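Just so you know, ligand 1 is whichever comes first in the structure, and atom 1 is the first atom listed for that ligand. What you are looking at is a predicted structure, and each value in this text was computed from that prediction instead of being measured.
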Amino acid sequence: MSDTFTPASVLVTGGAGFIGSNFIHHFLAGNPGCRVVNLDILTYAGNLKNLTAVQDNPNYRFVRGDICDAPLVATLLDEERIDAVVHFAAESHVDRSITGPEIFVRTNVLGTQTLLEASRKHAEKVSNFRFLQVSTDEVYGSLGPVGYFTEETPLAPNSPYSASKAGADLLVRAYFETFRLPTLNTRCSNNYGPYHFPEKLIPLMIHNILQRHPLPVYGDGLNVRDWLHVKDHSAAIERVLKKGTPGEVFNIGGNNEWKNIDIVKLVCDLMDERLGRFPGESRQLITYVKDRPGHDRRYAIDASKLKRELGWEPSYTFERGIAETIDWYLANQGWVAEVASGAYREYYQAQYGNR
Ligand code: NAD
Ligand code: TYD
């Protein structure tokens with residue numbers, strides 16, 4: 001473990017998205033002396049409503065802009081005297097990467113390189129600097145029924161999304177090896193929690209159950225994902241930023257594997273209880289649909305390095321986390337209705353209409 005790094009001014013990219021906005025809430029609450037600048041272009045996945053609770057915090061600033069805009073990034077790093085970049089901004093949805101891979105390469109690969117290059121130049125001007133790349137276990141590819149991804153598992157991404165994240169991770173590595181930019185790289189399993197856009201499995205199922213729409217389960221429903229609450233992910237990122245040794249990779253996971261069909265049934269049952277529907281009612285909406293091409297079978301993370309070296313462990317049980325998440329969606333139906341209007345409807349029709 002290295003000495004504690006205590007940033008005074010952090011640039012968060014993609015802070016209006018699901019994980020970035022949760023991280024900003026978490027970080028501002030725990031670091032009252034630190035400034036947080038949020039650079040986000042506000043794609044379909046970015047939403048300033050995720051940040052209403054912090055928008056008037058004097059330590060917080062939102063800048064609408066593109067991570068590929070090198071002059072803008074350089075100006076922000078200098079004028080805000082940034083000493084840490086926590087990089088969330090990305091195109092993040094596998095299904096969208098199958099229908100339109102190009103934007104994934106632009107945002108995830110070129111955007112990361114633009115940030116790294118600006119950081120390299122800026123780091124020469126500040127006494128201590130960190131660049132933390134927020135990445136995914138999907139860069140490791142797919143597992144069979146046994147075994148776990150460790151930090152030594154070779155990168156073998158299968159979707160355009162994961163390939164673009166792997167490309168970004170390798171650039172982060174290169175900037176450490178070549179330029180000694182003090183980088184850190186986290187790779188986390190599937191997150192769930194508040195502000196999750198309803199294109200991903202859990203919020204999509206919650207949304208469709210509410211609407212009594214079919215619940216599309218890809219293939220045989222037996223693909224396995226490891227699920228971690230977004231607040232535990234946020235705490236892990238903060239720990240790695242402050243305590244991790246530059247140049248290192250840290251896996252983050254919940255030790256919480258679920259087959260997709262089992263998680264869908266669980267969400268159905270918890271929703272039925274809360275909505276006063278009869279037991280098993282929402283399960284009747286489950287509809288098996290055509291599988292995703294190149295669908296990774298199983299993800300499972302060995303996060304023992306993070307526990308051993310930096311003392312991080314998840315604080316949420318899945319039972320508590322999923323119940324709280326469902327309650328959040330039920331209490332925030334206006335948020336869901338708003339993000340699920342307009343362009344979302346077109347996306348949904350294109351993705352699921354003829355499946
Ligand atoms: P998200 O899609 O909800 O949010 C992405 C954010 O990035 C949005 O606010 C969007 O407006 C912004 N953005 C996109 N392109 C941009 C650009 N060119 N310039 C500035 N901002 C831009 O994604 P998420 O689920 O919050 O994921 C955040 C990060 O965490 C991603 O890097 C993703 O790969 C990684 N990750 C996600 C998960 C998960 O389960 N969701 C798991 C592990 C890692
Ligand atoms: P997703 O939330 O898209 O995350 P990722 O593909 O990054 O793991 O999907 C999680 C799992 O759920 C994945 O195995 C695909 C499956 N899935 C469905 O079965 N139906 C759906 O409508 C969606 C969005 C996902």
Side-chain angles (χ1 to χ4, degrees), residues 12-23 38-48 50-51 63-69 72-73 86-98 103-104 106-108 110-112 114-115 133-139 142 158-159 161-162 164-165 168-169 186-193 195-205 207-208 214-228 230 233 237 251-253 258-261 263-264 286-292 294-299 301 339 348 351-352 355:
V12 171
T13 70
F18 164 49
I19 307 178
S21 60
N22 276 284
F23 176 79
N38 174 10
L39 173 63
D40 196 303
I41 201 171
L42 298 180
T43 66
Y44 76 93
N47 186 352
L48 289 180
N50 302 0
L51 294 154
V63 178
R64 185 170 190 182
D66 188 349
I67 56 167
C68 297
D69 181 343
L72 171 67
V73 173
V86 183
H87 175 34
F88 294 94
E91 289 294 330
S92 69
H93 189 34
V94 174
D95 291 326
R96 287 182 192 256
S97 82
I98 295 166
I103 185 72
F104 284 72
R106 181 188 184 274
T107 302
N108 300 358
L110 188 59
T112 303
T114 306
L115 290 169
Q133 156 79 351
V134 178
S135 191
T136 164
D137 58 358
E138 301 189 28
V139 297
S142 184
N158 293 317
S159 71
Y161 162 66
S162 53
S164 66
K165 292 296 292 186
D169 286 11
T186 57
R187 296 184 180 138
C188 188
S189 58
N190 289 58
N191 283 214
Y192 69 97
Y195 305 115
H196 204 179
F197 193 83
E199 65 187 354
K200 308 277 170 61
L201 180 72
I202 290 179
L204 187 140
M205 294 300 158
H207 180 58
N208 284 17
L215 308 179
V217 173
Y218 298 168
D220 62 8
L222 300 179
N223 301 67
V224 172
R225 298 291 181 266
D226 169 67
W227 293 93
L228 181 73
V230 65
H233 188 191
I237 290 169
N251 284 350
I252 307 172
W258 284 79
K259 293 187 186 81
N260 291 339
I261 186 63
I263 222 162
V264 173
I286 292 173
T287 310
Y288 287 92
V289 299
K290 198 160 153 263
D291 208 353
R292 171 190 279 172
H295 195 176
D296 287 337
R297 193 62 171 170
R298 174 172 167 260
Y299 302 144
I301 272 267
V339 299
Y348 198 88
Q351 192 63 238
Y352 296 97
R355 198 155 182 159

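Using a 4.5 Å cut-off on side-chain heavy atoms (C-beta onward), Glu199 and Arg96 make contact. Looking at Tyr195 and Val230, their side chains never come closer than 4.5 Å, going by heavy atoms from C-beta outward.
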I'd like to know whether Tyr161 forms a side-chain hydrogen bond (donor to acceptor under 3.5 Å, both in side chains) with Glu91, so could you lay out the CA-CA distance, the side-chain angles of the two residues, the decisive distance to 0.1 Å, and finally the verdict.
CA-CA 8 Å; Tyr161 162 66; Glu91 289 294 330; over 6 Å; no
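A heavy-atom separation below 4.0 Å is found between Ser189 and ligand 1. In this structure, Ser135 is part of the shell of residues with a heavy atom less than 4.0 angstrom from ligand 1. Contact analysis puts Tyr161 in contact with ligand 1, with a non-hydrogen atom separation below 4.0 angstrom. Within the structure, ligand 2 has His93 among the residues with a heavy atom less than 4.0 angstrom away. Under the 4.0 angstrom criterion for non-hydrogen atoms, Tyr161 is not in contact with ligand 2. Not close to ligand 1: Thr13, with no non-hydrogen atom less than 4.0 angstrom away. Ligand 1 has at least one atom lying under 4.0 Å from a heavy atom of Gly65.
Closest approach of Leu204 and Tyr352 over heavy atoms only: CD1-OH, 3.5 Å.
Of the protein's non-hydrogen atoms, the one nearest atom 28 (C) of ligand 1 is Phe88 O, 3.5 Å. Scanning the protein for heavy atoms near atom 38 (C) of ligand 1, the closest one is Ile19 CD1, 3.5 Å.
No N or O atom of Val94 sits closer than 3.5 Å to an N or O atom of ligand 2. Polar contact check, Asn260 against ligand 2: a nitrogen or oxygen pair lies under 3.5 Å apart. Considering backbone and side-chain N/O atoms, Pro216 comes within less than 3.5 Å of an N/O atom of ligand 2. The shortest N/O to N/O separation between Tyr352 and ligand 2 falls below 3.5 Å. For a threshold of 3.5 Å applied to N or O pairs, the pair formed by Asn223 and ligand 2 contains no separation below that value. Checked by distance only, ligand 2 and Glu138 come closer than 3.5 Å through their nitrogen or oxygen atoms. In terms of polar-atom proximity, defined here as any N/O pair under 3.5 Å, Ser92 does make such a contact with ligand 1. Of the polar atoms of Arg225, at least one N or O is found under 3.5 Å from an N or O of ligand 2, judged by distance alone. Close N/O approach between Arg292 and ligand 2 is found [any backbone or side-chain N/O within under 3.5 Å].
In Lys165, the part holding a heavy atom less than 4.0 Å from any atom of ligand 1 is the side chain. Residue-level proximity to ligand 1 for Leu42 is carried by the backbone, the only part with a heavy atom below 4.0 angstrom. Heavy atoms of Asp40 found under 4.0 angstrom from ligand 1 belong to the backbone as well as the side chain.
In the vicinity of Lys200, heavy-atom distances shorter than 4.0 Å reach the ligand 2 atoms 2 (O).
Cation-pi geometry between Arg225 and Tyr192 is not satisfied (NZ or CZ under 6.0 Å from the ring centre, within 45° of the ring normal).
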